[in-house]
Structure formats: structure tokens, C-alpha cells
Protein chains: 2
Amino acid sequence: MSKNLKEMDVLRQHLAKHQLKLTRQRELILTAFLRQEHVTAETMYHQLAKKDPHLGLATIYRTLNLFCEAGIAQARHFGTQTQYDNISHKGHHDHLICTGCGTIVEFENCEIERLQEEVATKNGFVIQTHRLELYGLCPRCRH
Amino acid sequence: MSKNLKEMDVLRQHLAKHQLKLTRQRELILTAFLRQEHVTAETMYHQLAKKDPHLGLATIYRTLNLFCEAGIAQARHFGTQTQYDNISHKGHHDHLICTGCGTIVEFENCEIERLQEEVATKNGFVIQTHRLELYGLCPRCRH
DNA sequence: TTGAAATTGATAAGCCCTCTCAACATGATA
DNA sequence: TATCATGTTGAGAGGGCTTATCAATTTCAA
């Protein structure tokens, strides 16, 4: 609960800073978004159809993109679709993605993160964010 | 030269194994593909228009996807387009991307690759490919 | 050389996402 | 609290990129 409030505040601040408004739809979508690790606009569209049958798909896309700008979500292209990851609820994590069944396993590896910083520094870059995806076959799809 | 022959052999073997045929277009596209680091289907379409004005865009897409299946190329979604990377000509590389000016710096880091394998193994996965992108500010954009 | 089977080119179709715009909601202001 | 300028929404049209369709053509094993 308190976590949701925290995210809601991040959103509120972002909205205030850009002369945007907090709408019923944005609250609804944020609440549902925070309950999950990754979502697709399409997925949320179906999930939320029960709570608000008139919620439009365009609004979901717009709102998820808004979350990205606010630093609450992160867009990731997977296959032909865009996945929106919840990056603020818990620490950053990377993905192991099964090319067979689409299963996504999350992982964190400090050592890799440290090496990334090293590479960035060596090139004079300051990292803001990163994305690491390992594609392969999960145990079940390996035969 | 000998390298191109090597790739051509990889393709030939893949074709033979799947009852596919080596066509003039496939040779043409492979030769052009091997000369570059990353390409877009659209890019190749324009490049090859001079050599073969009737070469269709669909054929290029089909052929690049074929190269992916043969292990010669690797598809990567970048923005709204698909980039096809030449992964066999030289080693795999990752990207440092400047969020300020869009500059892309390539890098390789064996240690990171090794740790990725470790993570995959720990989760029972067999990695086929991966993608690592570090987003941040380049030296010039840091003020 | 022949012919079954794969491939091509042109374009239609499909998918995912964004744009458009009239109707509506929000929230700063009085 | 009422007003109203401005942002937002929903529905569908539009758009960019990629794949499917299919008749004509090419490949290659026999």
C-alpha cells in the first residue's frame, strides 16, 4: 500500500511539473500496473475491461508511455510487441527469455552491473539505465 | 574473401539440410550483407536496387530471416525497425547508446559474456543470443 | 532435359501503435 | 462552489514495418 502511494506520488510530481492532470484512468492503470512485473498494453486492456469497459486501448498506450517518461515504467520490445516493465516497484532486473515458449525469468547480477559501469566509464559515458536480455531455451523447451 | 566463402558454406549447409535452394538473390543479398555490421531491410533494398532493380523488399526480409535461422545474422529491434546484425563475420558486440545525441558506441566484454552464461546455466537455460544496451550520456552531452 | 518443388516479385493484408477530434473531465481561479 | 481554459479520453482512422498470397519463374535431383 505505502509503495503504491510512493509511485502515485512520483506520478503526481511528474504530472504537476508538466501541466498534466491526474485522471481516473491514470490512477486505475497505475494501480493495475504496479501489481505486475511486465505488461503489454493489450494485456492491460483485457484485464481492465472488467473494471471499466469503456477504457480505450489508446489511453492505455498513452498512459504506459507516460509512466515511462515519469520513470515508473520502462518499455522493452519483445518480438513484435512492446512490454512495459515495472522498474520502480523493485530493483532493476534483467531478463532470461525463452525463445521457445516466451517464459521470462528475472535475475539480478551485481557483478555484471559493476562491469557495465566499468565499460561506460572507460568510454566516458555516464549510465542512466540499461537493458540486458538473454535469449535462449528454458529447461522445458530444450528437447 | 575466404571469410565470405565460409559464410556461403554455412548458408549452403543450412539450405541443404532444409531442402531449400541457393538462388541468385540469396547469393547477392548475402554478399552485400557480409560487407556490413548492421543493416535494415529497407537499407539493403536501396543499396541493391542498383545491382538488381527488380529485387523485391519481401525477398530481402525473407532472406534476412533465413540468415537468422542459419545463424549468420541476428535480428534486433531498435526503435520501430528491425536491425539485422552480422554476427558471424566478427564477434558479438553490445552497445553504449547516448540518450542525448543518439551516438552508438560498440563494445565487447568477455567477462560480462561469461557471467551471462553463468546466470543462464544457473537457471537451466541455454543461451542462443543476447542483447545488452547501456543508455546514458556520452562525454560531449554531459553538460 | 525434365519436372516436382522451392522461390520470387508485386501487392494486399496484418499487426502494433499513434494520431485525430469531438465530447468530456480536471483543477486553478474567482 | 461555479467557472472555464486546458488537458484527456474513446473510437476509429491512419501509418510504418513486416509477412502472407499467388501466379510466374527458377532451381536441382534424377
Side-chain angles (χ1 to χ4, degrees), chain A residues 8-9 11-30 32-33 38-70 73-85 102, chain B residues 8 11-30 32-33 38-70 73-85:
Chain A
M8 193 60 79
D9 269 353
L11 179 60
R12 248 188 263 270
Q13 281 179 26
H14 179 85
L15 295 175
K17 196 194 295 185
H18 296 81
Q19 278 108 43
L20 305 177
K21 292 170 180 176
L22 182 60
T23 63
R24 184 178 57 74
Q25 289 88 337
R26 286 175 176 167
E27 283 190 284
L28 178 65
I29 295 171
L30 179 57
F33 176 71
H38 345 264
V39 292
T40 261
E42 194 71 26
T43 305
M44 293 208 84
Y45 183 59
H46 289 114
Q47 287 175 354
L48 295 174
K50 295 162 191 166
K51 296 204 173 183
D52 181 352
H54 294 295
L55 185 60
L57 186 54
T59 299
I60 295 179
Y61 274 108
R62 280 187 293 234
T63 305
L64 289 173
N65 287 334
L66 173 69
F67 292 171
C68 289
E69 281 155 26
Q74 183 179 319
R76 186 165 47 88
H77 299 280
F78 181 55
T80 65
Q81 287 192 121
T82 301
Q83 289 263 357
Y84 291 86
D85 295 0
Chain B
M8 193 61 79
L11 178 60
R12 248 188 262 271
Q13 281 180 26
H14 179 84
L15 295 175
K17 197 193 296 184
H18 296 82
Q19 279 107 42
L20 304 177
K21 293 169 180 174
L22 182 60
T23 63
R24 186 178 56 75
Q25 288 89 338
R26 285 175 178 169
E27 283 190 284
L28 178 65
I29 295 171
L30 179 57
F33 176 71
H38 343 265
V39 294
T40 261
E42 194 72 25
T43 305
M44 294 208 84
Y45 183 59
H46 289 113
Q47 288 175 356
L48 295 174
K50 295 162 192 167
K51 296 205 172 180
D52 181 352
H54 294 295
L55 184 61
L57 186 55
T59 299
I60 295 180
Y61 273 107
R62 280 186 294 233
T63 305
L64 289 173
N65 287 334
L66 172 69
F67 292 171
C68 289
E69 281 155 26
Q74 181 179 318
R76 184 166 49 88
H77 299 280
F78 186 58
T80 65
Q81 287 192 121
T82 301
Q83 289 264 357
Y84 292 86
D85 295 0

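Here is how names work: the chains are called A, B, and so on, in the same order as the sequence lines, proteins then strands, and each is numbered from 1.
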Next item on the list: Answer with yes or no after comparing the ring centroid distance for B:F33 and B:F67 against a 6.0 Å cut-off, counting only values under it.
Entry: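 So the answer is yes for these two rings.
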Next item on the list: Mark yes or no for a side-chain to base donor-acceptor pair under 3.5 Å between A:K21 and D:dT6, with no hydrogen or angle criteria applied.
Entry: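 Donor-acceptor pair under 3.5 Å: yes.
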Checklist line | Side-chain donor/acceptor contact of A:R26 with base of D:dG7 under 3.5 Å | finding: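 Check fails, no donor-acceptor contact within cut-off.
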Next item on the list: Would you please confirm or rule out a distance under 4.0 Å between OP1 or OP2 of D:dC17 and any side-chain N or O of A:T80?
Entry: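 Answer no for this pair, as no side-chain N or O of A:T80 is under 4.0 Å from OP1 or OP2.
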Checklist line | Under 4.0 angstrom between A:Q19 side-chain N/O and D:dA5 OP1 or OP2 | finding: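 Answer is no, no contact under 4.0 Å.
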Rounded to whole angstroms, how far apart are [atom1] on [X] and [atom2] on [N]?
X	N	atom1	atom2	answer
B:Q25	D:dA24	CD	P	18 Å
A:L15	C:dA25	CG	C1'	14 Å
B:F67	C:dT7	CZ	P	12 Å
A:E42	C:dC17	CD	C1'	11 Å
A:L66	C:dC17	CG	P	17 Å
B:N65	C:dT7	CG	C1'	15 Å
B:I60	C:dA10	CD1	P	11 Å
B:H46	D:dC17	NE2	P	11 Å

Nucleotide of [options] approaching [X] most closely (side-chain heavy atoms):
X	options	value
A:Y61	D:dT8, C:dT7, C:dT18	C:dT18
A:T82	C:dG27, C:dC17, D:dG10	C:dC17
B:L22	D:dT21, D:dA11, D:dC28	D:dC28
B:D52	D:dT9, C:dG9, C:dA6	C:dG9
B:T23	D:dA11, D:dT27, D:dT8	D:dT27

Which heavy atom of [X] sits nearest to which heavy atom of [Y], and what is that distance?
X	Y	answer
A:L55	A:Y45	O-CE1, 3.2 Å
B:Q83	B:H38	OE1-CB, 3.1 Å
B:T82	B:T40	O-OG1, 3.7 Å
A:A32	A:L48	CB-CD2, 3.8 Å

Check: Starting at the 5' end of DNA chain C, which residue's closest nucleotide do you reach first, A:Y84 or B:L57?
Finding: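 Closer to the 5' end of DNA chain C: B:L57.
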Check: DNA chain C: B:H18 or B:A58, which has the more 5' nearest nucleotide?
Finding: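 Counting from the 5' end, the first nearest nucleotide belongs to B:H18.
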